[in-house]
Amino acid sequence: MGSLETGIPLKRDNRFRSFSSVRTERHPFSQRPRSRFSRFLLFKKLDYLQWICTVAVFLFFVVLFQMFLPGSVEKSGNSSLQDNVEVSSGDFKFLKEMGVLDFGEDIRFEPSKLLDKFQREAREAILYSPAFNRTKQRFSYRKPQLAMVFADLLVDSQKLLMVTVAVALQEIGYEFQVYSLEDGPVHDVWRTIGIPVTIIQAFDKTGIFVDWLNYDGILVNSFEARGVFSCFVQEPFKSLPLIWTIHERSLATRSRKYISSGHINLLNDWKRIFNRSSVVVFPNYILPMIYSTFDVGNFFVIPGTPAEAWEADSVMALRKDNLRVKMGYELEDAVIAIVGSQFMYRGLWLEHAIILQALLPVLSDFPLDNNSNSNLKIVILSGDSTSNYGVVFEEIAINLTYPSGIVKHKAIDVDADNVLSTADLVIYGSFLEEQSFPEVLMKAMCFEKPIIAPDLSMIRKYVDDRVNGYLFPKENPKFLTQVIRQVFSNGKLSSLARNIASIGRSTARNLMVSETVEGYASLLVNVLKLPSEVAPPKDVAKMPLKFKEKWQWHLFEALSNSTYINCTLRSYTFLDKFEQQWNNAPTDRPLSADDGPFLYSIWEEEKNIEIANARKRKEEEELKDRSDQSHGTWEEVYRSAKKADRSKQDLHERDEGELERTGQPLSIYEPYFGEGTWPFLHLSSLYRGIGLSTKGRRPGAEDIDASARLPLLDNPYYRDILGEYGAFFAIANRIDRVHKNAWIGFQSWRATARKASLSRIAENALLDAIETQRHGDTLYFWVRLDLDPRNSLQLDFWTFCDAINAGNCKFAFAEALKRMYGIKHDLDSLPPMPVDGGTWSVMQSWALPTRSFLEFDKQCYSRLLELLINVWAYHSARRMVYVNPDTGVMQEHHKFKSRRGQMWIRWFSYATLKSMDEDLAEEADSEHPNRRWLWPSTGEIFWQGVYERERKLRHRQKEDRKQRSKDKIDRIRKRTHQKVIGKYVKPPPEMKNSNTSTAGLN
């Protein structure tokens, strides 16, 4: 097996099947598939001496390889050499027989689960497209809206990448809004390209005041923005498509520390964040592998990043001194750096040894210094600072007869920038066919260094031989010797090599821009589920080439003087602070949606315990009272019980909010679902929240539990379908138990998020109009259609209704009218909603008399449309008055004079609707139909038969109580009394005197 990076073996458990890095099982030699490089070593006509030398080097260092090579042996204080040999014996069996090594050709990342999901959803989209489903239409009157979230707006390569992507996606029809937890210089860049920026406060106790439902998708950049995830793990934002881009390795590295130190809860908290993301995007193919601990099947790679070019520019700008001298090189030295794949597979050392052997003949081409040492210096840039890779290559160099001091090893995690910036030539010494262009080679080109690489397909795609780099056939490493002699002339770089390096730098600075832009465009098409009113984006193939050829460097030129940000150091600093907060305040750590059921179960158990304790205390108090109080007659006990029963309903406590609401004419209800809506709910007595689910209700608030009043809302399907109308049904169901005001209103929390809710001035103006009965039976509304962002084209009522309902508004309304009124033929016309200069109500933010609300809510059966309140109010002859939410100024729309000849009064009259309501109630109550019927579950069923039945029931209950009372009194009167056993009889006076006289005589 190979390793992903030094010290991390590539495991073969089920988790890596998503990477498609599943290897062929170990078979006998005759059945083992051979790698390309092994076939190359075995069957190509190589130089005999070269082959013998390679085998000799290998045989000499087999034991050394086992002991020191990273990826072969894991360091452990309890492991013995024999144990290590046994672990590697299976791998070396074939090496001993045929000289074959593992060259990492099966290390590949393939997001198989995610791709299968995209293909399945694509098939479903075709099946339900307008071509196959005529009831689904698309009204393209707005562009797809995307929110981009950053931890800060400091200048770094990640901002350059996202700015480039945003500029390109704008060209094919996307619109963006940028949110950031902190401000920075890049704020001006976003403003330059026409994208608004909002700085949000993520750690306010009241939450983040952003209505994320305004966007069709969210793009979060960097794990440092995890503070925003507290919104996305809560309803109603849990289902939003979220793409999380991660460029840093630091969290993957730190996760090993969490595992070793036992911080499993901290690790699981990060896993929940990864699990919430629809897709986690990485810029290369090694990051998803080292982040495999967090993989839940949503990892994806969009190759390409300006990070290497950005870092190279920063290094060259900061280092003004002579770094070569500091690294121990003379000015006359020719430094050749040998780099390789970022994957530390076991055959990498042999590939580097072959490169070293190819360099050996050119050693004599370089002059000697005063100490008879060659001016040629070779640096092997591979492995990390904790490995023993350098010891291996020092021995290999000696056995290849390199003079001492020529070949040195440098760790890539410490000295990469130093080596690449000081080298005269960079040779890519790996023959692995990687999935994207090697980043180390890209950085070398950005340092304006000539490169030599094997003609692998991924390298040949971007490097033209002798144009922006040098290529040699991977089957003939001996050709490398000739190429090196063309690069150097008399120990110095040739002018051709310098020109090639200059062209290579221009190429590398904008490498894979098209792959990045097209990758994000393709991913968005697969992830976003655009509603009917959204125009689909253009095909990315139609995008002008200028948006796919270069990163937007020119937008950052004005920021070139900004302080260089070390992203790696910054990410580790963030993790340190986060871990400190976690350790100091573990109970205040961010909670995810997965904690919801657990916390709810704890709350429910605690509630049951409190109820049981209260019942026990009550029983004990009653027993104590019984032992102290005097017992009366049965008649007295009976009268006391009846008196307590009659006054039982009048002895309920009223909190302060209820008392305030009782004294006002209007109460406005705010339906909500989930903790994400809490920041947008009001706290004054004029408003009252109504939670659509038991979970996610505000603690300590006087909110109404809609699901308790309407069990239909316990079903998530109907709760989602009905939306805020579920709150209407819950309030209307036995309304006198929760609402005792003459007027009732509703306001969507999304209106508050849009800053369209009533101000204090508008509230007072509305209350004054209601108390003075200025307009009578009126529908007051304060969110208007003509100012709705969804109606930028100023569509008429029915067209807009169709646009936000996938073209089904008119059809659904017509079908509802046909069922309500028993119309057999097709209904050609709909209730007219004329364009008369007025506007209509949207977003369920209105107020009207309570009796009118009951008439609307109980008798309208096509009520699942947001705009239905307008149809009912217009055609039932109610006034419609717009209240300016800022100033409170009122303006009547659709006055009665303009409605003459337009209203369908008979269709919407109270008598007609009540009659139909009673017919349906009688059918549901008497016949109990077996068909699926939603209407009986939306409220109280009532008709004349119910009234008669309840009257008879009450009469029968009354008679039963009288009879029980009479029987009880009769039992008391007829109770048998115990007969007197005996009694004392007082003797008469004469007998008493006689007894006295007799005593005297005696």
Side-chain angles (χ1 to χ4, degrees), residues 207 209 211-214 234-239 657 661 666-699 701-735 737-739 741 743-758 763 779-783 788 804 841-848 850 853-854 856-858 860 863-870 872 885 934 937-939:
F209 289 86
D211 180 7
W212 301 106
L213 295 181
N214 290 328
Q234 299 171 348
E235 294 289 0
F237 309 128
K238 287 176 63 175
S239 301
R661 283 191 294 271
L666 170 67
S667 183
I668 300 177
Y669 296 91
E670 295 182 303
Y672 70 92
F673 176 52
E675 299 92 329
T677 62
W678 291 357
F680 307 102
L681 303 179
H682 290 76
L683 299 176
S684 66
S685 60
L686 179 63
Y687 299 88
R688 191 175 187 184
I690 174 168
L692 298 178
S693 174
T694 301
K695 300 178 182 178
R697 292 174 56 200
R698 292 183 294 177
E702 305 167 18
D703 297 344
I704 299 173
D705 186 355
S707 59
R709 295 188 51 79
L710 192 69
L712 178 68
L713 298 179
D714 284 329
N715 188 323
Y717 173 79
Y718 290 112
R719 182 182 62 222
D720 296 339
I721 291 296
L722 294 173
E724 294 179 343
Y725 265 93
F728 298 170
F729 297 155
I731 292 293
N733 187 24
R734 296 177 174 85
I735 190 172
R737 297 186 180 182
V738 295
H739 180 78
N741 307 88
W743 284 66
I744 188 172
F746 291 89
Q747 180 169 268
S748 173
W749 65 268
R750 300 195 64 190
T752 305
R754 193 181 291 182
K755 298 181 180 180
S757 59
L758 292 174
E763 292 173 359
L779 173 71
Y780 292 101
F781 65 96
W782 48 91
V783 184
D788 194 307
I804 63 175
S841 171
V842 291
M843 296 191 68
Q844 311 291 13
S845 299
W846 40 260
L848 74 170
T850 300
F853 165 72
L854 293 177
F856 162 69
D857 191 69
K858 289 187 176 181
C860 291
R863 51 203 168 194
L864 306 184
L865 303 176
E866 176 186 346
L867 305 175
L868 179 60
I869 186 69
N870 298 279
W872 172 81
L934 179 62
S937 302
T938 58

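Relative orientation of the Phe746 and Phe853 rings is tilted, given thresholds of 30° and 60° on the angle between their planes. Using cut-offs of 30° and 60° on the angle between ring planes, the pair Phe237 and Trp749 is perpendicular. Using a 30° and 60° split on the angle between ring planes, Phe728 and Tyr725 fall in the perpendicular class, above 60°.
The CG atom of Leu710 sits 8.0 Å away from atom CZ of Phe729, with the distance rounded to the nearest 0.5 Å. Here the straight-line distance linking atom CD1 of Ile744 with atom OG1 of Thr850 works out to 5.5 Å at 0.5 Å rounding. One finds the CG atom of Leu213 at 4.5 Å from the CZ atom of Arg750 (value rounded to the nearest 0.5 Å). Between atom CD of residue Glu724 and atom CG of residue Leu692 there is a gap of 7.5 Å, rounded to the nearest 0.5 Å.
Side-chain atoms of Gln747 and Gln844, non-hydrogen and from C-beta on, never get closer than 4.5 Å to each other.
Ion pairing between a basic and an acidic side chain is recognised when a charged N comes within 4.0 Å of a carboxylate O; Arg697 and Asp703 show no such pairing. Lys755 and Asp211 are not joined by a salt bridge, as no carboxylate oxygen comes within less than 4.0 angstrom of a charged side-chain nitrogen.
Under a 3.5 Å cut-off, the side chain of Tyr672 and the backbone N or O of Arg698 do form a donor-acceptor pair. Side-chain atoms of Thr677 never come within 3.5 Å of backbone atoms of Glu675 as a donor-acceptor pair (strictly under, hydrogens ignored). The backbone N or O of His682 lies less than 3.5 Å from a partner atom in the side chain of Glu670, making a donor-acceptor pair. At distances below 3.5 Å, not a single donor-acceptor pair connects side-chain atoms of Ser841 with backbone N or O atoms of Leu867.
Listed here is the closest heavy atom pair of Leu712 and Ser937: CB-O, 3.7 Å. Across Ile690 and Tyr669, no two heavy atoms sit closer than the pair CG2-CB, 4.3 Å. Of all the heavy atoms in Gly726 and Leu713, the pair that sits closest is O-CD1, 3.6 Å.
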Ser748 and Ser845: side chain to side chain donor-acceptor pair (under 3.5 Å), yes or no, with the steps? CA-CA 6 Å; Ser748 173; Ser845 299; 5.4 Å; no
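Side-chain atoms of Ser707 and Thr694 form a donor-acceptor pair, as typed in the model, at a separation below 3.5 Å.
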